[in-house]
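Written out below as C-alpha cells is the structure these notes cover.
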Amino acid sequence: MFGGLKEKLQAARSRLGSSIQAAIAAPAGGATAGAQQEPLMEQEKPAVSLAPPEKPTLVDKFRVFIIERELIVSEKDVADALSELELTLLESDVALPATDAIIANVRKSLVGKHRKIGESVDSLVVGALKVALLDVLGNGFNLLEYIRSHPKPVRILFTGVNGTGKTTTVAKIGSYLKKQGFSVVIGAGDTYRAGAIEQIGVHAERIGIKIIQHPEGGDPSAVLFDTVQYAQSHKIDVVLADTAGRFHNKANLMSQLEKIKRVMKPDLVVYVDEAVAGNDAVTRAFEFDKTVGADAVVLTKADMDSRGGAAISIAHTIGKPLMFIGTGQSYDDIIPFEPALVVDELLGDA
Ligand SMILES: Nc1nc2c(ncn2[C@@H]2O[C@H](COP(=O)(O)OP(=O)(O)OP(=O)(O)O)[C@@H](O)[C@H]2O)c(=O)[nH]1
Ligand SMILES: [Mg+2]
C-alpha cells in the first residue's frame, strides 16, 4: 500500500537531512550553530559534531550530525529540498491544498532555531514530516466508538460514484462489525442496477447478515425505510444502507439520494471512492459533500494504489475524516484508518 509514496517520502527525508547538514558543514552559508559565531573556548565542543562515522551507510550519511547546542536553519538551507518535496507530493496526486499545508508545516518546523540537545538532524527532519503529515491526515474516525455512544439502531448510508466499491464496503464493514459483537442489518438500496440486489444478497448470505430487499426497479427509500423499521423492531445495532452508484451532476439521482436521507434519517453518510482515482476521488468527495453531505470517507482499492495521494489529501481537502481503507477483495481487507500508523509506515523506520 502506497509503496511509491513511501519511497519518495524517504528520499525527501534524506534530501532534507543532507541539505541541512551541507549548510552546517559550510557555515559561511546558511545553517549555523550558535557557538560557531564566536571563537570556541578550548574545552567547548563544536555545536554540531562533524565527524562522519567510519563507513557511513546511506542512512548513516544523513544521521551524522547531532545537535549539541543550538542549530539555526535558514529558509535558504531547505528551499531546494522543500521544492523537491512539493513536486514529489504533487506527482503523487496529493491535492494542492494538502501539499501547500504540508510544505508550510515542514518549513515552519525546520526553519529557525533548534535547541534539542542530542537530537540528530534526521530526527529533526522526521519530526517535521510527521507533524506535517498528521496535521493533514486529521484524526480518522472510530466507528466502533461512534456506534457504542449513539442510540440504536445507528443508520449508515453509503454513497458514491459507480463501481468504486460501495457494495463490497458495506459487506466488509458488516462483517467487521459482526466480529466486534454488533448486530447488523443490510438494506439493498441499489434497486437500479441489474444484478445489484443479487450481488449484495450473496455477500449478506456469506457473512451471515440479514438483508432487506425489494424487487428491482423499486423505490430505494422504501427499502431503506423498511430496513430501519426491521432494525428497530428487532433491536439491531446497526443499519448499513447500500445505494446505487451515481455522479454528483446527475440531478435526478442526487435528489433520489436526498429523499433517501429524508426517509431513513441516517446518522452517518459515508462517501466511498477508490484510492486509485487520486485527485478525482478528492474532487468527487468534495462535490458529494456539497450536494448531499458526507460525514466520513472510505477509500477502497488502496492495495492497487502506490501513489497514496487521495489518502493523504481527502480529509484535509473536504474537512471530513477518512474512516476506513479497503485493501483487497476479501471481507477482511478493510482497515480502520489510523493516521499515526499510516505516518509511521510512510516514514519507514521513523
Ligand atoms: N482490489 C480491490 N478491489 C476492490 C476493493 N473494494 C472493492 N473492490 C472491487 O471493486 C469492484 C466493484 O465493487 P462494488 O462493491 O461492486 O462497487 P460499487 O461501488 O458497489 O459499484 P456500483 O454498485 O456498480 O456502483 C469489485 O470487483 C470489488 O471486488 C478493494 O479494496 N481492493
Ligand atoms: Mg454496488
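Every number for a ligand or one of its atoms is a count from 1 in the order of the listing.
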With atoms numbered from 1 as shown, which atoms in ligand 1 lie under 4.0 angstrom from a non-hydrogen atom of T327?
31 (O)
Atoms of ligand 1 less than 4.0 Å from K166 heavy atoms?
15 (O), 17 (O), 18 (P), 19 (O), 20 (O), 21 (O), 22 (P), 25 (O)
Positive for side-chain hydrogen bond (donor to acceptor under 3.5 Å, both in side chains) with H214, one of T191, D219, D226
D226
When V297 is tested against each of I325, L322, D289, D273 for side chain to side chain contact (heavy atoms under 4.5 Å, CB included), which residue passes?
L322
Can you confirm whether E7 is buried at CD, in the sense that more than 12 heavy atoms of other residues, nucleotides or ligands lie under 6.0 Å from that atom?
no
I need the nearest protein heavy-atom contact for atom 17 (O) of ligand 1: residue, atom name and distance, please.
G165 N, 2.9 Å
Can you report which non-hydrogen protein atom sits closest to atom 32 (N) of ligand 1, along with the distance?
D303 OD1, 2.8 Å
Thinking salt bridges, do K172 and D333 make one under a 4.0 Å N-O criterion?
no
Flag the pair F141 / Y146 as yes when their ring centroid distance falls below 6.0 Å, and as no otherwise.
yes
Short N-O contact, K166 and D242, less than 4.0 angstrom:
no
Check whether any heavy atom of E274 sits under 4.0 Å from an atom of ligand 1.
no
Is any side-chain N of the basic residue among D93 and R307 closer than 4.0 Å to the acidic one's carboxylate O?
yes
Report yes if D242 has an N/O atom closer than 3.5 Å to an N/O atom of ligand 1; otherwise report no.
no
Ligand 1 atoms in contact with R193 (distance to a heavy atom under 4.0 Å):
22 (P), 23 (O), 24 (O)
Quick check on contacts: which atoms of ligand 1 are under 4.0 angstrom from a heavy atom of T168?
7 (C), 13 (O), 14 (P), 15 (O), 28 (C)
Does K172 have a non-hydrogen atom less than 4.0 Å from ligand 1?
yes
Parallel under 30°, tilted from 30 to 60°, perpendicular over 60°: which one fits the rings of Y271 and F288?
tilted
Which of the ligand 1 atoms, numbered from 1, are nearer than 4.0 Å to a heavy atom of G245:
25 (O)
Find all atoms of ligand 1 within a distance of less than 4.0 Å from any non-hydrogen atom belonging to D190, and give their numbers and elements.
23 (O)
Numbered in order shown, the ligand 1 atoms found under 4.0 Å of a heavy atom of G326 are 31 (O)
shortest atom 16 (O) of ligand 1-to-protein heavy-atom contact is with Q199 NE2, 2.9 Å
To which protein heavy atom is atom 29 (O) of ligand 1 closest, and what is the distance rounded to 0.1 Å?
Q329 OE1, 2.6 Å
Pairing of K290 and E287 as salt bridge, 4.0 angstrom limit:
yes
Please check whether T164 reaches ligand 1 - meaning an N/O of the residue sits under 3.5 Å from an N/O of the ligand, judged on distance alone.
yes
Counting backbone and side chain alike, does T243 bring an N/O/S atom below 2.8 Å of the Mg ion (ligand 2)?
no
Distance-only polar pair, side chains of T283 and D280, donor-acceptor under 3.5 Å:
no
D190 and T243 side chains, donor-acceptor separation under 3.5 Å
no
How close does the nearest protein non-hydrogen atom get to atom 31 (O) of ligand 1, and which residue and atom is it?
K301 N, 2.9 Å
Proximal candidate to atom 30 (C) of ligand 1 [heavy atom criterion; set A171, G195, G328, G160]:
G328
For atom 12 (C) of ligand 1, find the nearest protein heavy atom and state the residue, atom name and distance (0.1 Å precision).
G163 O, 3.7 Å
Is the number of heavy atoms from other residues, nucleotides or ligands under 6.0 Å of Y176 OH greater than 12?
yes
